[in-house]
Asks: 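Dumping the structure here so I can ask a few things about it.
For the single chain, residues carry numbers from 1 onward in sequence order. Ligands are counted one by one from 1 in listed order, and the atoms in each one are counted from 1 as well.
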Amino acid sequence: MIKFLDLYKINQNYKKDLVEAFERVIDSGWYIMGKELKKFEHDFAEYCGVKHCIGVANGLDALILIIRAYKEMGVFKDGDEILVPSNTYIASILAISANSLIPILVEPDILTYNINPKEIEKSMTSKTVAILPVHLYGQLCDMKSILEIARKYNLKVIEDCAQSHGACDQSSIKAGCFGDAAGFSFYPGKNLGALGDAGAITTSDDKLCETLRALLNYGSLIKYENKYKGINSRLDELQAALLGAKLTKLDDETEFKRKIAERYLEEIKNPKIILPTVISRNAHVWHLFVIRIADRQHFQEYLTTSGIQTVIHYPIPPHKQQAYKEWNSLSFPLSETIHNEVLSLPLSPVLSNEEVTTIIEKINNYSVS
Ligand SMILES: *Cc1c(COP(=O)(O)O)cnc(C)c1O
């Protein structure tokens, strides 16, 4: 079986460095908010090209905390609306609901699967305070258009970068520095993955940074003095040290995945399959290689029988989830088409050339029976 994502193999590549990092943390006798976190925050901020990186417990918390911080700063209030793509992973939307703001779903561009700037203005009301673009599957959104709209209407832009570590535009501006703030996830399967849960926020706004640092630590900047009713969402020393070890090779891994993606794009010739549209080479870091096919279930079964594991990202659109009952009767046709047809092929830094060849051959041999 060709695995969809072999985390065991991926982390074996780093074993020596990870063990070294692990030992360093054990032997330091200091496990929360120490020099490993400081170093990782410094390195990741530098990597993204942004002033501050703030480590947090996971990617969902990163987004929740950004919105919460803007509430504490008096920028957002309960009932305000945030525009978010209708076809994202549910966490982008939960972060808005969790803060008692209202997520407004916006249909994507059917070619890139990212939020369609043309739809954004149509969805705005007097309560709109922010846009939350998600660089889905690893490809940058049309940030130029999104930032233009945000400037015109004085909206905040909060990027969801959980799938897009290192994606950059033609001027080499990276995901995480286009908007006012960005949330990253280092869930084990993400492009930069911890050995457990981890996340980060990037921003160049000093005031926001200070508010976030308090909120993630019980609302406290000075020990035992609580300015806000905060939470505990710290990134611990161990995960920070492990992430630091992996960050050094992130760009090499991305480049390796780009080459596989390029083989798929060139060599998959089956007319039943819609391949992903790439805006520009470096704008995509291939968190996922997502194709579309009308008879998905049959195709996925065929691949499984052929020894190829695939995954659906994602099977149920947010507006059809039980958690959002109030939206169940709404219609987002593009989002629904996407959820009905998408399938993610194996794509990882440990996939061999032979495995890629096998996958391509099997796909090209597929026909309706
Ligand atoms: C993974 C993911 C998140 C949430 O990150 P966690 O670290 O799992 O909490 C948020 N948004 C998107 C688009 C994601 O893919």
Asks: Taking only residues two or more places apart in sequence or in another chain, which ones pass side chain to side chain donor-acceptor pair (under 3.5 Å) with Tyr264?
Replies: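 With sequence neighbours excluded, Tyr264 shows a side chain to side chain donor-acceptor pair (under 3.5 Å) to no residue whatsoever.
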Asks: Classify the side-chain pair Thr125/Glu81 by whether it contains a donor and acceptor separated by less than 3.5 Å.
Replies: yes
Asks: Would you mind running through ligand 1 and noting each atom that sits below 4.0 Å from a heavy atom of Gly59?
Replies: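 So the atoms of ligand 1 that pass are 5 (O), 6 (P), 7 (O), 9 (O).
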Asks: Less than 4.0 Å between a side-chain N and a carboxylate O, is that true for Asp80 and Lys71?
Replies: no
Asks: Using a 4.0 Å cutoff against the non-hydrogen atoms of Val134, which atoms of ligand 1 qualify?
Replies: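 Going through ligand 1 atom by atom, the ones under 4.0 Å from Val134 are 13 (C).
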Asks: Before giving the answer on side chain to side chain donor-acceptor pair (under 3.5 Å), spell out for Tyr366 and Asp295 the whole-Å C-alpha distance, their side-chain angles and the decisive distance to 0.1 Å.
Replies: CA-CA 11 Å; Tyr366 176 72; Asp295 57 340; 2.8 Å; yes
Asks: For Phe186 together with His165, are the ring centres under 6.0 Å from each other?
Replies: yes
Asks: Please work out, at 4.0 Å between heavy atoms, whether the side chain, the backbone, both, or neither of Leu60 comes within that distance of ligand 1.
Replies: both
Asks: Mark up the atoms of ligand 1 that fall under 4.0 Å of a heavy atom belonging to Ala162, in ascending order.
Replies: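 Ligand 1 atoms under the 4.0 Å threshold to Ala162: 2 (C), 3 (C), 10 (C), 11 (N), 12 (C), 14 (C), 15 (O).
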Asks: Any idea which protein heavy atom is nearest atom 13 (C) of ligand 1, and the distance to it?
Replies: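 That would be Asp160 OD2, 3.4 Å.
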Asks: Which ILVMFWY residues can you reach from Val106 by hopping between side chains whose heavy atoms are under 4.5 Å apart?
Replies: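 Members alongside Val106: Leu83, Ile102, Ile104, Ile115, Ile120, Met124, Ile131, Leu140, Met143, Ile146, Leu147, Ile149, Tyr153, Leu155, Val157, Ile173, Phe178.
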Asks: Quick check on the 6.0 Å ring-centre criterion: do His313 and Tyr113 meet it?
Replies: no
Asks: What protein heavy atom sits nearest atom 10 (C) of ligand 1, and how far away is it?
Replies: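 Result: Ala91 CB, 3.4 Å.
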Asks: With nothing but distance in play, are any N or O atoms of Asp197 less than 3.5 Å from an N or O of ligand 1?
Replies: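 No, Asp197 has no N/O under 3.5 Å of an N/O on ligand 1.
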Asks: To which protein heavy atom is atom 1 (C) of ligand 1 closest, and what is the distance rounded to 0.1 Å?
Replies: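 Here the closest protein heavy atom is Lys190 NZ, 1.5 Å.
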Asks: Among all the protein's non-hydrogen atoms, which is closest to atom 15 (O) of ligand 1, and how far away is it?
Replies: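 That would be Gln163 NE2, 2.8 Å.
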